[in-house]
Amino acid sequence: MRRLTAALFASLSEAETSQGILALARRPVLDAERLFGGTPLVLLADEVQNPGNLGGLLRTTEAAGASGAILTEGCADPFAWKALWLSAA
């Protein structure tokens with residue numbers, strides 16, 4: 001855990017109203033065996049362009065115990081801050 005100045009924190013986040021938390025993480029690597037092994041439950045998102053909607057779908061998919069998700073070309077970036085944002089509302 002690190003403490004940042006308000007100015008530095010603001011420069012690292014695009015959120016207008018922040019919860020005061022930032023995270024640094026590695027992007028997951030596609031692992032076909034993990035995705036399709038056993039009895040797979042996979043979300044297929046086709047051209048979901050709103051990052052907030054895509055984030056909601058991905059969080060719901062994970063909560064349902066899915067093995068992963070496949071996004072077609074034209075989908076929002078699943079790593080965009082609006083897709084990752086966990087709203088308090």
Side-chain angles (χ1 to χ4, degrees):
M1 181 171 96
R2 306 267 187 222
R3 296 191 182 272
L4 306 175
T5 65
L8 178 57
F9 187 90
S11 74
L12 296 172
S13 174
E14 296 179 31
E16 291 181 27
T17 306
S18 171
Q19 299 296 316
I21 298 172
L22 288 174
L24 178 64
R26 295 180 196 263
R27 288 183 179 231
V29 177
L30 174 62
D31 180 356
E33 178 58 34
R34 181 172 171 233
L35 188 62
F36 297 112
T39 305
L41 174 60
V42 179
L43 168 73
L44 175 58
D46 184 27
E47 296 186 23
V48 178
Q49 297 176 357
N50 182 300
N53 290 344
L54 180 60
L57 287 169
L58 293 171
R59 288 187 294 278
T60 301
T61 299
E62 183 175 23
S67 53
I70 298 173
L71 311 180
T72 65
E73 190 172 331
C75 273
D77 179 2
F79 300 104
W81 74 271
K82 283 189 176 182
L84 297 173
W85 184 256
L86 297 175
S87 174

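Quick caveat, the model's predicted, so the values are computed rather than measured. Every heavy atom of this structure was used, including side-chain atoms; hydrogens, water molecules and symmetry mates were not.
In this view, Thr39 satisfies the side-chain hydrogen bond (donor to acceptor under 3.5 Å, both in side chains) rule with no residue, not counting sequence neighbours. Residues forming a side chain to side chain contact (heavy atoms under 4.5 Å, CB included) with Asp31 (at least two apart in sequence, or on another chain): Glu33, Arg34. Every residue meeting the side chain to side chain contact (heavy atoms under 4.5 Å, CB included) condition with Arg3, not counting sequence neighbours, appears here in chain and number order: Met1.
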Side chains of residues 66-76: which donor-acceptor partners sit under 3.5 Å, not counting sequence neighbours?
{"from": "Ser67", "atom 1": "OG", "to": "Leu35", "atom 2": "O", "distance (Å)": "2.7"}
{"from": "Ser67", "atom 1": "OG", "to": "Leu41", "atom 2": "N", "distance (Å)": "3.4"}
{"from": "Ser67", "atom 1": "OG", "to": "Leu41", "atom 2": "O", "distance (Å)": "3.2"}
{"from": "Thr72", "atom 1": "OG1", "to": "Ala45", "atom 2": "O", "distance (Å)": "3.4"}
{"from": "Thr72", "atom 1": "OG1", "to": "Asp46", "atom 2": "OD1", "distance (Å)": "3.0"}
{"from": "Thr72", "atom 1": "OG1", "to": "Glu47", "atom 2": "N", "distance (Å)": "2.9"}

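Annotation: the span from Leu54 atom CG to Lys82 atom NZ amounts to 13.5 Å, rounded to 0.5 Å.
Through chains of ILVMFWY side-chain contacts below 4.5 Å, Leu4 is grouped with Leu8, Phe9, Leu12, Leu22.
Hydrophobic clustering places Leu44 together with Leu30 (ILVMFWY residues linked when any side-chain heavy atoms are closer than 4.5 Å, directly or through intermediates).
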